[in-house]
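These numbers come from a predicted model, not from an experiment.
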Amino acid sequence: MSSIKRPAAALDVLRNLPRVSLENLRPEAGSKLKEKQRGRGRYGGNRSGRGHKVRIQRGPQYQPLSLKRLQYLIDVGRLDPRQPIDLTQLVNARALTVQPLKRDFGVQLVDEGAELFSAKINIEVQRASEAAIAAVERNGGVLTNSFYDPISLGILIKPVAFFQRGQPIPRRMLPGEDMVPYYTDPAARGYLAHAEQVHQARLDLAQRYGYVLPDLSRDQLFHMLSSRKDPRQIFFGLSPGWVVNMADKKILKPTDEKILRYYGS
């Protein structure tokens with residue numbers, strides 16, 4: 001008989017127990033550690049004892065552009081090889097995206113597709129590999145590596161937005177001390193290198209890569225191929241201090257001597 005009474009007693013106990021709900025749930029004793037309070041010590045503080053996060057600044061970065069991609073953009077007509085090519089043309093052709101606010105300093109031409117590259121161009125980039133330079137010059141082209149400060153870079157990649165503001169074109173700033181060796185190096189085709197040294201470097205590279213350097217002076221496109229910006233110039237054909245009036249389609253040029261001296265190189 002006792003075996004029959006035990007289940008009945010157990011049921012009575014269950015009936016008298018409170019219903020399980022969120023209000024009566026409790027963690028098991030000893031299962032939860034007491035949380036250590038932070039940032040409330042002798043000197044207080046608002047970082048809760050975790051210190052200050054160190055923000056690591058990234059160095060300049062350059063968006064890669066391959067010779068294969070460059071040849072494709074020329075073949076489909078998105079780039080005109082009969083005109084000098086710089087970041088304005090490259091961005092308009094959707095070759096790449098440059099974001100100065102994210103420390104993009106321009107484009108780096110890489111030699112992927114060098115064996116297929118056949119265009120004759122005058123191109124300005126910010127960095128280029130030796131093999132990429134050789135591929136451009138082998139076809140009778142010209143490559144220049146030029147520095148742009150963030151403000152000038154932003155204007156170069158979005159010229160229409162800048163022109164609509166009706167402001168004078170600013171002077172391009174010179175590179176920082178750490179970048180000067182690269183942009184004065186004729187082997188790198190730096191825009192601050194002496195023209196005679198660049199010419200000799202072109203001959204040396206042709207000899208090293210085993211091709212005959214074409215004579216630019218005899219080329220029908222000599223004027224285009226020899227076009228080069230002043231170190232203070234942002235746009236081909238437009239000088240610092242000029243104002244481009246988009247509404248009237250006019251270019252306003254300063255005449256005051258002080259202004260001319262200020263914007264002069």
Side-chain angles (χ1 to χ4, degrees), residues 62-63 65 70 73-102 104-107 109 119-126 136 141-175 183 189-193 195 198 216-217 219-265:
Y62 303 86
Q63 295 299 322
L65 174 65
L70 184 60
L73 294 171
I74 293 171
D75 291 342
V76 299
R78 282 157 61 178
L79 282 174
D80 185 359
R82 298 168 298 178
Q83 300 294 330
I85 298 171
D86 62 6
L87 268 176
T88 300
Q89 284 72 38
L90 292 174
V91 171
N92 287 342
R94 301 189 299 278
L96 70 165
T97 301
V98 177
Q99 303 180 72
L101 294 179
K102 294 187 177 181
D104 284 352
F105 272 65
V107 59
L109 190 63
K120 183 193 299 183
I121 57 174
N122 179 359
I123 187 168
E124 179 193 74
V125 292
Q126 284 59 65
V136 171
V142 176
L143 183 145
T144 305
N145 281 314
S146 297
F147 168 80
Y148 287 86
D149 60 277
I151 293 177
S152 299
L153 187 66
I155 294 172
L156 185 64
I157 62 178
K158 294 183 178 180
V160 174
F162 172 77
F163 294 151
Q164 287 175 340
R165 296 201 293 266
Q167 298 177 352
I169 301 172
R171 295 181 301 175
R172 183 177 15 154
M173 304 305 292
L174 295 174
Y183 288 112
R189 305 302 186 265
Y191 75 120
L192 298 177
V198 171
L216 296 181
S217 63
D219 198 293
Q220 294 180 349
L221 298 174
F222 171 73
H223 179 72
M224 183 276 293
L225 293 171
S226 59
S227 296
R228 195 168 177 175
K229 297 177 185 177
D230 182 89
R232 294 290 196 179
Q233 196 174 0
I234 296 177
F235 300 105
F236 281 110
L238 297 174
S239 297
W242 292 8
V243 177
V244 177
N245 188 326
M246 297 288 290
D248 297 335
K249 297 182 180 180
K250 293 181 179 180
I251 296 177
L252 308 177
K253 303 178 183 180
T255 57
D256 186 84
E257 289 296 329
K258 291 183 179 180
I259 296 177
L260 290 173
R261 283 197 299 269
Y262 173 78
Y263 284 107
S265 178

Practice problem: Run the numbers on Tyr148 and Glu124 for side-chain contact (heavy atoms from CB on, under 4.5 Å), then give the verdict. | Solution: CA-CA 11 Å; Tyr148 287 86; Glu124 179 193 74; 2.7 Å; yes

Practice problem: Find out whether the Lys NZ or Arg CZ of Arg171 is both under 6.0 angstrom from the six-membered ring centre of Tyr262 and within 45° of the ring's axis. | Solution: yes

Quiz prompt | Distance in Å, Lys120 NZ paired with Leu216 CG, rounded so as to fall on 0.5 Å steps | solution = 8.5 Å

Looking at every heavy atom in both [X] and [Y], which two are closest together, and how far apart are they?
| X | Y | answer |
| --- | --- | --- |
| Pro100 | Ile157 | CD-CD1, 3.8 Å |
| Pro240 | Pro170 | CB-O, 3.9 Å |
| Gly106 | Leu153 | N-CD2, 4.1 Å |

Self-check item: Option from Leu96, Val91, Ile123 for which side chain to side chain contact (heavy atoms under 4.5 Å, CB included) with Val107 holds
Solution: Leu96

Quiz item: Can Val125 and Leu65 be said to form a side-chain contact (heavy atoms from CB on, under 4.5 Å), step by step?
Solution: CA-CA 10 Å; Val125 292; Leu65 174 65; 5.7 Å; no

Can you tell if the side chain of [X] reaches within under 4.5 Å of the side chain of [Y], non-hydrogen atoms only?
| X | Y | value |
| --- | --- | --- |
| Tyr191 | Pro175 | yes |
| Arg232 | Leu174 | yes |
| Arg228 | Val142 | no |

Please confirm whether the backbone N or O of [Y] pairs with a side-chain atom of [X], one donor and one acceptor, at under 3.5 Å?
| X | Y | answer |
| --- | --- | --- |
| Asp104 | Gln99 | yes |
| Gln233 | Leu238 | yes |
| Ser226 | Phe222 | yes |
| Tyr183 | Gln126 | yes |

Quiz prompt | Ring centers of Phe163, Phe235 separated by less than 6.0 Å | solution = yes

Quiz item: Run the side-chain contact (heavy atoms from CB on, under 4.5 Å) check on Gln89 and Leu79 step by step: do they pass?
Solution: CA-CA 7 Å; Gln89 284 72 38; Leu79 282 174; 3.9 Å; yes

Quiz item: Between Arg82 and Asp80, is the closest basic N to carboxylate O distance under 4.0 Å?
Solution: yes

